[in-house]
Structures are given as C-alpha cells and as structure tokens.
Protein chains: 2
Amino acid sequence: MSRPPKARNKALLAYCELLRSDGERATTIDAVAARADISKGGVLYHFPSKEALAEAALEWFREECEHDLVTMAEAPEGPSRHYVRTSWTGGSELDTAYVAMLRLAQSSWQPAIDALEWVHAAWLDQIRSEVDDKFAAEAIMLIGEGLYAHSSMPGEWSRGTFARSIDQLLEQVDRLKD
Amino acid sequence: MSRPPKARNKALLAYCELLRSDGERATTIDAVAARADISKGGVLYHFPSKEALAEAALEWFREECEHDLVTMAEAPEGPSRHYVRTSWTGGSELDTAYVAMLRLAQSSWQPAIDALEWVHAAWLDQIRSEVDDKFAAEAIMLIGEGLYAHSSMPGEWSRGTFARSIDQLLEQVDRLKD
DNA sequence: GTCTATATGCTGATAGAC
DNA sequence: GTCTATCAGCATATAGAC
C-alpha cells in the first residue's frame, strides 16, 4: 500500500466538499485547487481529467461503504439505529463521499447511480435482517434518507430542527421495529 | 390574468425537468431550448437571463406550494398521509417545481434555500397539528423527504423498491401517529 | 510533484433580420 | 415573438519550466 501524496488527498476532499456545499456547476478544477490550496496544475497532475476526480471519489466511497457495512452489521445498537444515527453525522468520511455520490448521480453519472443502488440495497438488507416487517424496514430507511437530504441542505432550518432530535428519532425507529 | 405564451411555459417546464433529470450543469440554455423544441433566442426572449428562468421556477413553486398547503389542510386522510402520499407522485406540478428548487438550493441559490425552508416549516407545522408527539411528526416528515429523494434519483432501484410500497408505508405513518 | 502559461471549446448573452 | 448570427468570458485540458 503506497503512501498517496498529501496534495492528492487534499484535492479529492476539496472536490467532494465543494460538490456538497456549492454543487456540480461551481465545482470547477479552479475551485478545487483554491480550496485545497494548491495550483490548478497540481490538481491536474494527480487527476488527469475531471472525470478522474469523480472516479477517485467513487473508489473512496466504495471503501467507506464496505467499512460501514461491517460496522453496521456488528453494531451493538443494531443496524437500524446505526443507520439512522449515522445519517446525521455531517462530517464523517462516509458522509462526505456519500453526498458527493448523490450529487454525481443527480447529474446522471451512471457509475454513481450504480454504486448508490448497490449500497442502498445493502443497507436495506441489513435493516430487514433486524426488522421483520418489510415496510417498517423501508420506513426506517426512509427516515435515514430524509435526514441525509436535510443534513446536506444549505440553510439553518434543517440543522436547527433535526440536530437535537436524533435521540428521540431513534426512539421512533424503535417503535417501528416492533 | 394574461395568457402567457405557450413557448414560455414550454421553456420553463423544460428547465425544471432538465434540472431534475440531468442536473444544474447540463441545464444550459441550449439544452432548455432543445428540450422545449424552440430556439435559444426564443428562450432568451421570454427569460432575458438564466437567473430569470430560476426566478420564474421559484414563483411557480410558490404558487404550487400555496395550493398544496390548502389541499393538505383540508385532506380527509389528514395532513400526514397526504404529505407522505404526495411525496411519491413523481410528475405532479408541485413535484416538478419542488425538485427543481432542491437542485437550485443545492447549488447554494439563496432564494431557493429560503423558499424551501419556509415550505418545510409549513409542512411540519401541519403534520404537528395532527400528531401530538413532536418527534413522531418529524419522523413522518422525514419519511416523506426520503421518498422525495428516492423518487428523483436516477436508476431503477428506488422506483422498483418503493413504488408499490406506498400504501403500506402509509400504515407505518399511522403507527407513528398514535 | 508542482507550478505558470496557453490553446480549445462551450456557455451566457447581445444584435438585428424576419 | 421567434429566429440566426456572433461576441466575450470561463472551464477543461495541454505544454513545458522549475
């Protein structure tokens, strides 16, 4: 396992964060370079094209997913609570990569669409392994998805409304589980 | 009440649909003109700038929201069920305008952020008027938001998974209401 | 490995014919 | 009201210095 250059990681992280905060259109190579505090040429050395940035984000996302799926399966609180709770971390590496994938999928980038379908199916499978009722499991998953949507929404309302509700929302999840 | 030119409406609808299906970056004036089957000059006659298109979408969204808030308040099934059920229509006018606003908010367009915060607060208020438990109300709203997120997701998994679950998801909503 | 130019193509917007 | 040119600016990508 090689030690990837620091500038490469900084650029990749800046790319994902920009997708989240400013959207695909504003996520130019110039903006990535500025946010990562390196030059445009430096970015294009590590990622020879813009699509190479997306592909690197995809690979990072897949690694974070595989790690998360293990954690989720082993979580003492159970997969449902783990899933919903981590839908509102707003800063974990999985979270950053996931929102970047959402943005890329929304711009119809097929590899992102495929990766998201795969992990959505895997997440729902794990919830269903804990929750007998098929539709209760789907409802739990949707609560998590709703939290994701709001956690990546600009503006203060979402944060102000849901940030301090997480523990009580987990109790609602418990009610659905039975 | 004037009769707006047909081309104007076609362009506005094409703009919103493109935002949903292809994302902000691909939603160029050229693409809008092609989808609406008019010329670029024709689009720019009705909307002198690209932001004018966004502003028209915003106005349309507000009108649809005000209509929906009345319908929601009067819905015989109650606001919660109405809200969750209409989160998966995938083709209503509110739906089209709402997803366009989500995309514009995700690209940090402040008027879209403000409009979404306003309507989210209004929707949650109505759900809370029906559901005593504050957090049950939030959970219900999040189920609807999750459905929205999945209904505007490209790819088949979301549609295949949730499309035929709506009735049973509404039963989960009923469970949370009590 | 990182930088500063520079080339090429696309996007938003204008002018003016019909 | 709608069209066809056309321009100016920006984004991606390349070349080559250090």
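Reckoned from all heavy atoms, side chains included, excluding hydrogens, waters and symmetry mates. Only a predicted model underlies this, so the values are computations on that prediction, with no experimental measurement involved. In what follows, chains are A, B, ... by sequence order, proteins preceding strands, each numbered from 1.
- Lys50(A) has its NZ atom 8 Å from the C1' atom of dA11(D), to the nearest Å.
- By the 30° and 60° cut-offs, the orientation of the rings of Trp123(B) relative to Tyr148(B) is parallel.
- Comparing Pro48(A) and Gly42(B) against DNA chain D, the residue whose closest nucleotide sits nearer the 5' end is Gly42(B).
- Arg175(B) places a side-chain N or O within donor-acceptor distance of the main-chain N or O of Arg175(A), the cut-off being under 3.5 Å.
- Taking the side chain of Tyr45(B) as heavy atoms from C-beta on, and the options dT2(D), dA11(D), dA13(D), the nearest nucleotide is dT2(D).
- Listed for the Gln126(B) side chain is a donor-acceptor partner under 3.5 Å among the backbone atoms of Leu69(B).
- The closest donor-acceptor contact from the side chain of Arg159(A) to the backbone of Gly155(A) lies under 3.5 Å.
- Between dT11(C), dT12(D), dA13(C), one nucleotide has an atom nearer to the side chain of Ile29(A) than all others, and that is dT12(D).
- At distances below 3.5 Å, not a single donor-acceptor pair connects side-chain atoms of Ser158(B) with backbone N or O atoms of Pro154(B).
- At a threshold of 4.5 Å between non-hydrogen side-chain atoms, the residues His150(B) and Leu142(A) count as touching.
- Looking at the side chain of Lys40(A), the nearest of the listed nucleotides dA13(D), dT11(C), dA13(C) is dA13(D).
- DNA chain C lies under 4.0 Å from no heavy atom of any residue of residues 11-26 of chain B.
- With dG1(C), dG1(D), dT12(D) as the candidates, the nucleotide lying closest to the side chain of Pro5(B) is dG1(D).
- The listed nucleotides are dG12(C), dT4(C), dT12(D); the one nearest the side chain of Ser39(A) is dT4(C).
- Taking only side-chain atoms of Ile38(A), from C-beta outward, the nucleotide of dT11(C), dC3(C), dG1(C) with the closest atom is dC3(C).
- If you check dT2(D), dT12(D), dG12(C) against the side chain of His46(B), the one that comes closest is dT2(D).
- Separating the CG atom of Asp30(B) from the C1' atom of dT4(D) is a distance of 13 Å, rounded to the nearest angstrom.
- Remark: the backbone N or O of Gln168(B) is not paired with any side-chain donor or acceptor of Ser165(B) at under 3.5 angstrom.
- Leu44(A) places its CG atom 16 Å from the P atom of dA5(C), with the value rounded to the nearest Å.
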